[in-house]
Amino acid sequence: MGYPIQRLRRLRQNKNIRRLVTETRLSVEQLVMPYFVRTGKGIKKPIASLPGQFQYSIDELLKELKNVQKLNILAILLFGIPEIKDELARSAYSLTGIIQQAVRAIKDKFPELLVITDVCLCAYFDHGHCGVVKNRKIDNDTTLNILGDVAVSHVEAGADIVAPSAMMDGQVAAIRAVLDSSGFVDLPIMAYSAKYASNFYGPFREAAESPPKFGDRKSYQMNFANNREALREIALDIEEGADIVMVKPALAYLDIICQAREKFSLPIAAYNVSGEYALVKAAGKTGWLDEKSIILEILTAIKRAGADIIISYHAVEVVAEIMRDRQR
Ligand code: PBG
């Protein structure tokens with residue numbers, strides 16, 4: 001007799017035995033659905049490069065959230081499109097800003113829905129950068145105070161979690177300090193820790209109307225060739241007081257998610273970003289890929305790599321697929 005055959009196929013021979021030994025199961029509870037909100041009434045404006053996604057006015061968003069609640073999705077991530085962009089990003093921390101109004105309306109109607117707000121300035125500055133511009137450079141330290149004001153204004157409106165995404169050094173510590181001194185010691189921070197300067201954000205910038213007017217974001221977001229630096233970013237955010245750390249984008253960065261999972265014990269969020277969504281939608285539309293199964297495979301892979309929380313524009317549509325998958 002030669003070498004005995006190791007029969008791994010024993011555990012693959014029928015549906016139920018496969019289900020019994022499935023290692024990774026996607027669950028609705030870990031999904032976060034992003035939304036874009038703008039001023040006005042009765043607006044549900046399609047975003048061309050994100051088929052199936054819209055810019056909503058608050059009234060229309062509230063209608064959509066009824067569905068979200070029915071699906072048992074626990075959390076949403078909000079992005080605002082302000083009416084006015086200026087040199088001080090005033091609408092980002094105004095009491096009557098779009099996010100502040102939207103959060104109040106949402107928490108009033110859906111008190112249990114977790115509302116996470118993106119804390120950044122690119123959609124609010126006239127120049128479209130995530131921080132204060134001085135001599136055509138992004139000034140780190142003056143940006144920190146503004147980010148703190150934005151975070152507090154979101155939390156005062158009722159936000160459950162703030163998610164700083166400007167990639168300024170020290171932003172988590174700055175926000176933690178001002179939240180604490182404003183009496184919000186229990187308010188969690190989900191830090192966009194390893195956020196790469198990625199070409200996968202293209203459709204988002206159309207959706208949020210936030211592309212930079214000059215230059216790019218490479219002086220503050222990470223070089224996509226770097227790995228160790230991501231672990232350093234995450235470690236620093238943890239030291240600064242982050243409660244949840246994020247890797248973004250997700251699909252082309254599974255190696256980073258995986259290493260972060262091995263190295264750190266905090267919950268890890270992964271952001272399956274706009275460009276990843278757009279690729280799937282385009283291939284689905286042409287019939288080149290089976291969209292529904294691809295979505296399930298991608299999100300399961302992100303979880304398998306080690307993500308606890310997955311932020312995805314697919315969140316709403318994948319719920320039915322998760323339920324169906326349970327039966328397969
Ligand atoms: C804000 C921000 C961006 C994304 C999330 N927060 C865009 C950017 O950094 O240019 C991208 C999300 C996506 O592509 O889905 N800074």
Side-chain angles (χ1 to χ4, degrees), residues 31-37 47-55 76-82 85 89 91-92 98-99 116-125 127-133 138 140 143 146-147 150-151 154 159 161-168 171-172 175 189-224 233 244-253 269-282 295 298-299 302 307 309-316:
L31 299 174
V32 177
M33 179 72 190
Y35 284 105
F36 301 96
V37 62
I47 301 159
S49 54
L50 287 177
Q53 304 301 315
F54 304 86
Q55 293 181 342
I76 62 166
L77 173 61
L78 270 193
F79 296 96
I81 300 138
K85 299 175 191 278
S91 323
I98 180 62
I99 288 293
I116 309 171
T117 56
D118 186 84
V119 174
C120 198
L121 302 169
C122 49
Y124 302 87
F125 273 128
H127 49 66
H129 276 289
C130 302
V132 174
V133 172
I138 316 305
N140 194 85
T143 305
I146 309 181
L147 290 172
V150 174
H154 289 179
I161 300 176
V162 289
S165 73
M167 285 300 278
M168 295 298 124
Q171 64 181 9
V172 172
I175 290 172
I189 297 176
M190 179 167 88
Y192 284 75
S193 304
K195 179 177 177 181
Y196 287 87
S198 171
N199 300 296
F200 283 102
Y201 305 154
F204 174 94
R205 291 179 190 167
E206 181 202 331
E209 300 178 7
S210 66
K213 297 269 160 19
F214 67 91
D216 53 39
R217 304 210 200 287
K218 289 180 184 160
S219 75
Y220 41 105
Q221 299 180 350
M222 282 185 54
N223 178 348
F224 61 67
E233 281 282 6
I244 299 170
V245 290
M246 194 197 299
V247 175
K248 179 190 169 189
L251 192 53
Y253 298 81
Y271 199 144
N272 175 223
V273 300
S274 60
E276 301 175 49
Y277 175 90
L279 288 180
V280 169
K281 289 289 160 184
I295 294 170
I298 289 173
L299 298 185
I302 294 170
I309 299 165
I310 303 173
I311 304 165
S312 176
Y313 304 94
H314 295 298
V316 163

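Atoms within each ligand, like the ligands themselves, are counted from 1 in listed order. Throughout, numbering of the chain's residues begins at 1 and tracks the sequence.
Between Tyr220 and His129, the ring planes lie perpendicular to each other; the angle is over 60°, past the 30° to 60° tilted range.
By the criterion of a heavy-atom distance under 4.0 Å, the side chain of Tyr313, and not its backbone, is placed next to ligand 1. By the criterion of a heavy-atom distance under 4.0 Å, the side chain of Cys122, and not its backbone, is placed next to ligand 1. Counting heavy atoms closer than 4.0 Å to ligand 1, residue Cys130 contributes side-chain atoms (C-beta onward) but none from N, CA, C or O.
Using a 4.5 Å heavy-atom threshold, the side chains of His314 and Val280 count as touching. In this structure, the side chains of Ser210 and Tyr124 stay at 4.5 Å or more apart for every pair of heavy atoms.
The distance from ligand 1 to the heavy atoms of Arg205 drops below 4.0 Å at these ligand atoms: 8 (C), 10 (O). Set against the non-hydrogen atoms of Lys248, the atoms of ligand 1 under 4.0 Å away are 2 (C), 3 (C), 4 (C), 5 (C), 6 (N), 11 (C), 12 (C). Shown in contact with Phe79 at under 4.0 Å from a heavy atom are these atoms of ligand 1, numbered in order with element: 5 (C), 6 (N). Close approach to Arg217 involves these atoms of ligand 1, each under 4.0 Å from a residue heavy atom: 8 (C), 9 (O), 10 (O). Those atoms of ligand 1 that come under 4.0 Å of a heavy atom in Gln221, given as number and element, are 8 (C), 9 (O).
The heavy-atom pair separating Gly80 from Ala123 by the smallest distance is O-CB, 3.8 Å. The two atoms that bring Met222 and Ala194 nearest to each other are SD-CA, 4.2 Å, heavy atoms only. Scanning both residues, Val32 and Ala315, for their nearest heavy atoms gives O-CB, 4.0 Å.
Aromatic pair Phe36/Phe204: ring centres closer than 6.0 Å.
Assignment of Met167 to the shell around ligand 1 is not supported, since no heavy atom sits closer than 4.0 Å. Using a 4.0 Å heavy-atom cutoff, Glu276 is absent from the residues neighbouring ligand 1. Residue contact check for ligand 1: Tyr271 places a non-hydrogen atom closer than 4.0 Å to it.
Of the protein's heavy atoms, Ser274 OG, 2.7 Å lies nearest to atom 14 (O) of ligand 1. The closest protein non-hydrogen atom to atom 16 (N) of ligand 1 is Lys195 NZ, 2.9 Å. For atom 12 (C) of ligand 1, the nearest protein heavy atom (residue, atom name, distance) is Phe204 CD1, 3.3 Å.
Considering Ile309, Leu77, Ile310 as possible partners of Tyr271, the one that fulfils the side chain to side chain contact (heavy atoms under 4.5 Å, CB included) test is Leu77.
A cation-pi arrangement is present between Lys248 and Tyr201 under the rule of less than 6.0 angstrom and at most 45 degrees off the ring axis.
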